[in-house]
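Quick note on labels: first sequence line is chain A, next is B, and so on, each numbered from 1. Every heavy atom of this structure was used, including side-chain atoms; hydrogens, water molecules and symmetry mates were not. Predicted model only: the values in this text are computed from it and were never measured.
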Protein chains: 2
Amino acid sequence: MTKEPDRLPARKLKSLQTRMKLLAAGSDIFIKEGFQKATISQIIKKAETGYGTAYVHFKNKDDILIVLMDDVMNRFYDIAEFSFEPNTKVEAYGIIEKQVSAFLEMANEERKILKVVEEAIGVSEEVRKKWQTIRERFIERISRDVAFAQKNGLARRDVDCTLVARGWFYANEMYLWDIVRNDRDLLVNDVVHNLTAMYTGGLYIQ
Amino acid sequence: MTKEPDRLPARKLKSLQTRMKLLAAGSDIFIKEGFQKATISQIIKKAETGYGTAYVHFKNKDDILIVLMDDVMNRFYDIAEFSFEPNTKVEAYGIIEKQVSAFLEMANEERKILKVVEEAIGVSEEVRKKWQTIRERFIERISRDVAFAQKNGLARRDVDCTLVARGWFYANEMYLWDIVRNDRDLLVNDVVHNLTAMYTGGLYIQ
DNA sequence: AGAGTCAATGACACCATGTCATTGACAATG
DNA sequence: CATTGTCAATGACATGGTGTCATTGACTCT
């Protein structure tokens, strides 16, 4: 590679700063007001820009949140990619517990932004689609893990791996939102243990 | 009881008819347009009433849908009240399968209105609360069933009955919305079998 | 017949959105 | 340096939905 001039477009830089100010303000306003109550006017006021400026940088309110979601999204992707190659039931239990734990701990850590995201999923088609890709990524991955366990004789074969994966993820996801909301004061560890125990062993004896 | 005059308030009757026209129109418009896109103007136009009339009978758009939800809600309550007194694991499996089946079949039958409800849950605080009461009713009931099975030595005792109930209902609920949306072409019977099998027996062998 | 009640009405004030013509600072060119 | 081009920024505006309220007029009661 030859020397890239590394141009310093003074105007482009100012533009980037404006964009950042809008994102920072968006984050504050979304967290304070919630997704629906937040308005473009509030955001541009906090960012100290003109009204139209928001529309120069973003398509609309949804678009601002989608950009803000990006970090969290990537953390989810990382968790989805946990490797899974157990040789025993106990080993499987351990891996699964670790993954569930990571998933739900994130609910705690990113509670503020996820609260907004949850609301936005219900309101904005765009945000819903974005979340849907996360969900399908998890389910597809879990599906493969179940199939792996079935092939190795660890798991029963009279169930469909994609249906199992979906149901399992759904329970996890709903607990995620529960923790984000923090209505009930759930202890993450209890949830993790119960979910994992039920998933691997079922409720009934024998 | 003495003879009630059974007054026929001619004006009250007219009023009731207006209310019914609004509800019928509301149902049509909600189903055709979805909850967010539907407007009061569309509804009153279809009902052939004045704009303000809608606000005489209902607090707002949410309120109209909540009244429309009522039938479906009652059917949900009925399903939640299924009796549960199994003596064996096989018997328990049968009862649970029947309840899940009734729950998910309703998704098919009431698909149109439930599609609107799902959207409205995301948008309207009021509707969300209404659905929340359904959910808690199910969870509370399932909780008792789990405790019953634990007391009778049918179910393992190292799990918390309310956490189990919640996770179990969450998986069911998400499949309900899946079926309502009808994205994937799911066979209800397959879903029922997989859910019930996993719940009662777990994924792993032994 | 007259007074009272109440369902119905639509004009109105309010508010948020997204667009667009205009501005002015900076960049590129000769 | 002067001239022309580009592009981020701006806010006034058109649009469209909401909920309110003063007014109307049909019905009820005495």
Quiz item: Looking only at heavy atoms, which two atoms of A:Val146 and A:Cys161 are closest? And how far apart?
Solution: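 So the two residues come closest at CG1-CB, 3.7 Å.
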
Quiz item: Between A:Leu68 and A:Gly26, what is the shortest heavy-atom contact and its length?
Solution: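 In terms of heavy atoms, the two residues are closest at CD1-C, 4.0 Å.
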
Practice problem: Can you check each nucleotide of nucleotides 7-18 of chain D against protein heavy atoms at under 4.0 Å and return B for base, S for sugar-phosphate only, - for none, in 5' to 3' order? | Solution: BSBBBB----SB

Quiz item: Taking the six-membered ring of B:Phe84, is the NZ or CZ of B:Arg144 close enough (under 6.0 Å from the centre) and on axis enough (within 45°)?
Solution: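 Geometry flag: not set, cation outside 6.0 Å or 45°.
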
Practice problem: Please examine the side chains of A:Asn60 and A:Asp63, heavy atoms only from C-beta on, and report whether any two atoms are closer than 4.5 Å. | Solution: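 Side chain of A:Asp63 against side chain of A:Asn60, heavy atoms only: contact under 4.5 Å found.
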
Quiz prompt | Close side-chain approach of B:Glu140 and B:Thr162, heavy atoms under 4.5 Å | solution =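 B:Glu140 vs B:Thr162: side chains apart.
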
Self-check item: B:Glu173 and B:Trp131 side chains, donor-acceptor separation under 3.5 Å
Solution: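 B:Glu173 and B:Trp131 do have a side-chain donor-acceptor pair below 3.5 Å.
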
Quiz item: Between the side chains of A:Tyr170 and B:Asn172, does any donor sit under 3.5 Å from an acceptor?
Solution: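 Judged by distance alone, the side chains do not pair up.
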
Practice problem: Can you tell me the distance, in whole Å, between the CD1 atom of A:Ile43 and the C1' atom of C:dG18? | Solution: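 From A:Ile43 CD1 to C:dG18 C1': 14 Å.
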
Practice problem: Could you state the atom-to-atom distance from CG of B:Leu13 to P of C:dC6 in whole Å? | Solution: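 Atom-to-atom, B:Leu13 to C:dC6, this comes out as 17 Å.
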
Practice problem: Could you list by number each residue of residues 24-31 of chain A showing a heavy-atom separation from DNA chain C of less than 4.0 Å, or answer none if no residue does? | Solution: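 Heavy-atom cutoff 4.0 Å gives no residues at all.
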
Got a list of side-chain donor-acceptor pairs under 3.5 Å for residues 186-203 of chain B, not counting sequence neighbours?
from	atom 1	to	atom 2	distance (Å)
B:Asn194	OD1	A:Asp160	N	2.8
B:Asn194	ND2	B:Asp190	O	3.1
B:Thr196	OG1	B:Val192	O	2.7
B:Thr200	OG1	B:Thr196	O	2.9
B:Thr200	OG1	B:Ala197	O	3.4

